[in-house]
Enquirer: 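Before anything else, here's the structure in question.
Start at 1 with the first residue, then count along the sequence. Predicted model, so just to flag it, every value in this text is computed and none were measured.
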Amino acid sequence: IRPYIRAGCNPIPDDDPTGGWIHELIGWYIGDDGYAIPERSGVVRWFVVVDDTFIWSRDHDNLRSRYPHIEPKSFTFVHSSVYDNKILLEKDPGYLANLQALPLVERGQLLDGNWHIKPEAGTVFNRAWFRLISRTAAHNETFTAVVRFWDIAATEKQIGGRRKNDPDYTVGVLMGKATDGRYIVLDVDDFQEGPTERDKRMRRVSNQDAAAYGRLYRVAWEKQPAAAGKSLDIDFYQMFDGLNCYAIMPRGDKVLRAGPFASQAEGGMVYVVDAEWTNRYLRWLHGFPDLAHDDHVDASSGAHFALVGELFVF
């Protein structure tokens, strides 16, 4: 029996630490735009490995003559898409809709078959997706729930000295879910303060939220790992005593957690109050994950997840 391997895979960028090596095998079959080149699909190529480097040829005998002590191996790549799996689409018509509802990057990979698309500025979030709404119009909206989600930092910004001069932000995103399903970013409070001033500000802002939205309002923050995190969670529960509050356990990496909120934004379902903080907020989202800080993204993803209530464990 002559052994061979037949395998399927989904597109993944070449710099991915887990699967990027696949591009060493299929790079010739993929165009500069990231999509498979139709006329190369199924073409058989031959390779040998010399000093951990792939050496390719369309001709077996050519490689054998150049490297007489190495037997060349054959390889081919056959492009396909979900549309080739007609049985699956017949049995599960919703499968295609699931792919179409994915965030931009995942949709580009799993539905469109783009091998180069990856999370970068403007692909996870694009500021053009967000619609502006006036403070007055937002005030007149009817909400099913309102949440302020805090992404927490602990280092104060310093002027000079040896301490970290650009620490992470503490960001509190106030988001409401309207009765028609839209999400409205009502306020963003961001600052770089040490723990004492941070806690005072978080408590003050959250109390103001509760006074404005009453029983619809709750405050949440990301559950911290390890023993130190448990202690911090206890401190926050005590600090927010009297408010409807939750410590929320995230799942997956930051890009994965941003996906559901990004999908809503791309679909035109996210509105942002037009205020003095709006341009700064949208700049941080649009630049994710290329910019130095991702705190605004984490707080936004957390607020959305808290409103949806599906991807977190309370």
Side-chain angles (χ1 to χ4, degrees), residues 130-153 169-191 193 195-224 232-250 257-258 260-261 264-265 267-278 280-282 284-285 295-314:
F130 296 86
R131 304 182 182 187
L132 298 184
I133 184 173
S134 69
R135 288 184 185 272
T136 301
H139 179 74
N140 292 329
E141 289 283 349
T142 303
F143 296 103
T144 60
V146 177
V147 65
R148 171 86 69 173
F149 189 94
W150 291 101
D151 184 73
I152 303 159
Y169 287 82
T170 293
V171 181
V173 170
L174 181 68
M175 188 182 301
K177 185 171 185 178
T179 52
D180 61 2
R182 290 174 300 129
Y183 295 91
I184 300 178
V185 179
L186 298 162
D187 182 63
V188 176
D189 190 39
D190 53 2
F191 52 91
E193 298 284 359
T196 300
E197 293 303 317
R198 176 201 68 197
D199 292 355
K200 290 180 181 178
R201 185 162 174 171
M202 290 171 62
R203 174 69 189 189
R204 182 178 69 253
V205 170
S206 299
N207 281 339
Q208 292 169 353
D209 295 338
Y213 295 100
R215 63 179 181 82
L216 295 177
Y217 176 74
R218 58 186 182 267
V219 59
W221 64 94
E222 182 177 316
K223 191 174 182 63
Q224 304 298 311
L232 185 63
D233 287 339
I234 292 173
D235 290 343
F236 283 165
Y237 275 114
Q238 293 175 341
M239 182 174 73
F240 293 126
D241 188 19
L243 302 179
N244 194 353
C245 59
Y246 305 92
I248 295 176
M249 177 68 74
R257 283 155 31 202
F261 182 56
Q264 293 297 312
M269 295 297 289
V270 179
Y271 286 68
V272 180
V273 166
D274 190 2
E276 67 280 358
W277 47 263
T278 305
R280 182 173 71 255
Y281 171 69
L282 293 178
W284 284 116
L285 263 62
D295 315 293
H296 294 74
V297 171
D298 289 345
S300 301
S301 302
H304 175 253
F305 288 158
L307 289 170
V308 174
E310 291 181 353
L311 299 184
F312 280 113
V313 175
F314 289 83

Enquirer: Taking it one step at a time, do Glu141 and Leu186 satisfy side chain to side chain contact (heavy atoms under 4.5 Å, CB included)?
Expert: CA-CA 11 Å; Glu141 289 283 349; Leu186 298 162; over 6 Å; no
Enquirer: Nearest heavy-atom pair of Pro260 and Phe305: which atoms, and what distance?
Expert: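 Looking at all heavy atoms of both residues, the shortest contact is CG-CE2, 3.4 Å.
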Enquirer: Just by modelled atom types, is the Tyr169 backbone N or O under 3.5 Å from a matching donor or acceptor in the Asp190 side chain?
Expert: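 No: the side chain of Asp190 does not pair with the backbone of Tyr169.
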Enquirer: Rounded to the nearest 0.5 Å, what separates atom CG in Asp199 from atom CE in Met202?
Expert: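 CE of Met202 is found 6.5 Å from CG of Asp199.
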Enquirer: Give a yes or no answer on whether the side chain of Ser134 reaches the backbone of Asp274 with a donor-acceptor pair at less than 3.5 Å.
Expert: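 The answer is no, because no donor-acceptor pair under 3.5 Å joins these two groups.
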Enquirer: Is the closest side-chain heavy-atom distance between Val171 and Tyr281 below 4.5 Å?
Expert: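 Not touching, per the 4.5 Å side-chain cut-off.
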Enquirer: On a heavy-atom basis, which atom in Asp180 and which in Met269 lie closest, and how many Å separate them?
Expert: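 Asp180 and Met269 have their closest heavy atoms at O-CE, 4.2 Å.
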Enquirer: Which pair of heavy atoms, one from Phe149 and one from Glu222, lies closest together, and at what distance?
Expert: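 In terms of heavy atoms, the two residues are closest at CZ-N, 3.4 Å.
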Enquirer: What do the steps show when you test Val173 against His296 for side chain to side chain contact (heavy atoms under 4.5 Å, CB included), and what is the final call?
Expert: CA-CA 8 Å; Val173 170; His296 294 74; 5.8 Å; no
Enquirer: Does the side chain of Val297 reach to within under 4.5 Å of the side chain of Leu285, using non-hydrogen atoms?
Expert: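 Side-chain contact under 4.5 Å: yes.
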Enquirer: Take the angle between the ring planes of Phe240 and Trp221 and call it parallel below 30°, perpendicular above 60°, tilted in between.
Expert: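 Ring orientation, 0 to 90° scale: tilted.
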Enquirer: Between Thr170 and Ala153, is there a donor-acceptor pair closer than 3.5 Å when you use the side chain of the first and the backbone of the second?
Expert: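 Yes, the answer is positive, given that a donor and an acceptor are paired below the 3.5 Å cut-off.
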Enquirer: In the structure I gave you, are the side-chain heavy atoms of Trp284 and Asp295 within less than 4.5 Å of one another anywhere?
Expert: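 No, too far: nothing below the 4.5 Å cut-off.
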Enquirer: Has Tyr183 got a side-chain atom pairing as donor or acceptor with Ala303's backbone, closer than 3.5 angstrom?
Expert: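 Pair absent, no side-chain N/O of Tyr183 close to backbone of Ala303.
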Enquirer: Which heavy atom of Ala306 sits nearest a heavy atom of Ile248, and at what distance?
Expert: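 For Ala306 and Ile248, the tightest heavy-atom pair comes out as CB-CD1, 3.9 Å.
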Enquirer: Using every non-hydrogen atom in the two residues, find where Leu307 and Gly176 come nearest and quote the distance to one decimal.
Expert: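 Residues Leu307 and Gly176, closest heavy atoms: CD1-C, 4.1 Å.
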Enquirer: Could you tell me whether the side chain of Val146 reaches within less than 4.5 Å of the side chain of Leu174, counting heavy atoms only?
Expert: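 Counting from C-beta outward, Leu174 and Val146 do come under 4.5 Å.
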Enquirer: Should Trp277 and Val272 be marked as a side chain to side chain contact (heavy atoms under 4.5 Å, CB included) after you check the CA-CA gap, both sets of side-chain angles, and the distance that decides it?
Expert: CA-CA 10 Å; Trp277 47 263; Val272 180; 3.7 Å; yes
Enquirer: I'd like to know if Asp189 and Arg148 make a salt bridge, using a cut-off of under 4.0 Å between side-chain N and carboxylate O.
Expert: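 Result for this pair is no, no salt bridge flagged.
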Enquirer: Verify whether the ring centers belonging to Trp150 and Phe236 lie closer than 6.0 Å.
Expert: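 When the ring centroids of Trp150 and Phe236 are compared, they turn out to be at least 6.0 Å apart.
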Enquirer: Any idea which heavy atoms bring Ser300 and Met175 closest together, and the distance?
Expert: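 For Ser300 and Met175, the tightest heavy-atom pair comes out as O-CE, 3.6 Å.
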Enquirer: What orientation do Phe261 and Phe130 show, parallel under 30°, tilted 30 to 60°, or perpendicular over 60°?
Expert: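 Aromatic pair Phe261/Phe130 classed tilted.
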Enquirer: How long is the gap from CG on Asp233 to CD on Gln238, to the nearest 0.5 Å?
Expert: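 Between atom CG of Asp233 and atom CD of Gln238 there are 11.5 Å.
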Enquirer: Atom CD1 of Ile133 and atom OG1 of Thr278: how far apart are they, to the nearest 0.5 Å?
Expert: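 So the CD1 of Ile133 and the OG1 of Thr278 are separated by 11.5 Å.
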Enquirer: Would you verify whether the NZ or CZ of Arg182 falls within 45 degrees of the ring axis of Tyr271 while also being under 6.0 Å from that six-membered ring's centre?
Expert: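 The answer is yes, since Arg182 meets both limits relative to Tyr271.
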Enquirer: Say whether, by atom type as modelled, one donor and one acceptor occur between the side chain of Ser206 and the main chain of Arg203 under 3.5 angstrom.
Expert: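 Not confirmed, Ser206 side chain does not pair with Arg203 backbone.
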Enquirer: Is any NZ, NE, NH1 or NH2 atom of the basic residue among Arg135 and Glu276 found under 4.0 Å from an Asp or Glu carboxylate oxygen of the other?
Expert: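 Salt bridge between Arg135 and Glu276, a charged N being under 4.0 Å from a carboxylate O: yes.
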